[in-house]
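The structure appears right after this line, and notes come after that.
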Amino acid sequence: TLPSQAMADARASYIENGPTLFSFNVPEFWDLRSGGRRTLALPGTDDKRDIPQVLSLRPTVDPTVWLAFYSPDGVRTVSEGKDYLREIGKFLTSEPEVTENRTGRVAGRTAQIIKGTGRRDGKNIQFTIAIIDLPGPRVAIGAAVAEAGTAQAFYDELNSVYDSFRAGR
């Protein structure tokens, strides 16, 4: 007989200057990309914003959904994370409309959960952003974006990534 099929997880870690700040599972058939520090400019304006290292995920078969995690420099609390998002929100979506803004938990950590709709690249989107309190004076931000009509299975996988999130020590 053949051995039973084993389930394997791929795990991504966000490491800064030695310690792991957080980690999460990467679903099967999703691509993980790591983007380095850079400055983004809002098209048609002089508005620029420095962006830290970002770990982003996207299903290999559907470019209409993605999830990114990062930990912005100098953002030490969930409250500061909300201020930070007010500054960079226009880089994530235009015409944002927040439909839910509540305190919750991600993997046992205090988090601010913000859900809403907007437009990105001319398309209607839904977003979920979690500002997650990390040990010490840091937060992680998870931003999930899906175009209208994205299959429910991808939302389930996004939720599984958030469920797998673990803060470093």
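All values reported here derive from a predicted model rather than from experimental measurement.
E80 and K82 are not joined by a salt bridge, as no carboxylate oxygen comes within less than 4.0 angstrom of a charged side-chain nitrogen. Checked for salt-bridge contact, E147 and R120 miss the test: no charged N lies under 4.0 Å from a carboxylate O.
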Inset, instruction - Using the side-chain contact (heavy atoms from CB on, under 4.5 Å) rule, take D163 and V106 through it: C-alpha gap first, then chi angles, then the decisive distance, then the call. - result: CA-CA 7 Å; D163 288 345; V106 172; over 6 Å; no
Inset, instruction - With side-chain contact (heavy atoms from CB on, under 4.5 Å) as the test, would you mind laying out the steps for L57 and V161 before giving the verdict? - result: CA-CA 10 Å; L57 300 167; V161 174; 4.0 Å; yes
Inset, instruction - Decide side-chain contact (heavy atoms from CB on, under 4.5 Å) for I141 and Y84; before the verdict, give the C-alpha distance in whole Å, the side-chain angles of both, and the deciding distance to 0.1 Å. - result: CA-CA 10 Å; I141 296 178; Y84 174 82; 3.7 Å; yes
Inset, instruction - Begin from the C-alpha positions of F127 and I114 and carry the test side-chain contact (heavy atoms from CB on, under 4.5 Å) through to its verdict. - result: CA-CA 8 Å; F127 62 84; I114 304 162; 4.2 Å; yes
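In this structure, F69 has its ring center under 6.0 Å from that of Y162.
Atom-to-atom distance recorded for T110:OG1 and I131:CD1 is 12.5 Å, nearest 0.5 angstrom. Here the CH2 atom belonging to W66 is positioned 8.0 Å from the CD1 atom belonging to I125, to the nearest 0.5 angstrom. Atom CG of residue D31 and atom CZ of residue R58 lie 9.5 Å apart, to the nearest 0.5 angstrom.
Here the options are R105, R109, R138, Q112, the test is side-chain contact (heavy atoms from CB on, under 4.5 Å), and the partner is I132; only R109 passes.
Residue R166 qualifies as enclosed at atom CZ: its count of foreign heavy atoms under 6.0 Å is above 12. Around CD of E97, the count of heavy atoms belonging to other residues, nucleotides or ligands within 6.0 Å does not exceed 12.
Hydrophobic cluster membership is shared by V65 and L32, with clusters built from Ile, Leu, Val, Met, Phe, Trp and Tyr side chains linked at under 4.5 angstrom. Linking ILVMFWY residues whenever their side-chain heavy atoms come closer than 4.5 Å, directly or via other members, places V98 and V145 in the same cluster. Side-chain heavy atoms closer than 4.5 Å link hydrophobic residues (I, L, V, M, F, W, Y) into clusters, and following such links, even through other members, never connects F29 to Y155.
Contact of the I129 side chain with the L85 side chain is registered, since non-hydrogen atoms from C-beta on lie closer than 4.5 Å. For the pair F154/V61, a side-chain contact is recorded, criterion being any heavy-atom separation below 4.5 Å from C-beta on. L67 places none of its side-chain heavy atoms less than 4.5 Å from the side chain of S56.
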Show me the side-chain donor-acceptor pairs of residues 18-26 shorter than 3.5 Å, one per line, residues at least two apart or across chains.
{"unit_1": "S23", "atom_1": "OG", "unit_2": "R11", "atom_2": "NE", "d": "3.3"}
{"unit_1": "S23", "atom_1": "OG", "unit_2": "R11", "atom_2": "NH2", "d": "3.0"}
{"unit_1": "N25", "atom_1": "OD1", "unit_2": "R11", "atom_2": "NH1", "d": "2.5"}

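Looking at T99, its side chain does come within 3.5 Å of a backbone N or O of K115 through a donor-acceptor pair. A donor-acceptor pair under 3.5 Å is formed between the side chain of S71 and the backbone N or O of V139.
Scanning all heavy atoms of the two residues, the minimum distance from L55 to A12 falls at CD1-CB, 4.5 Å.
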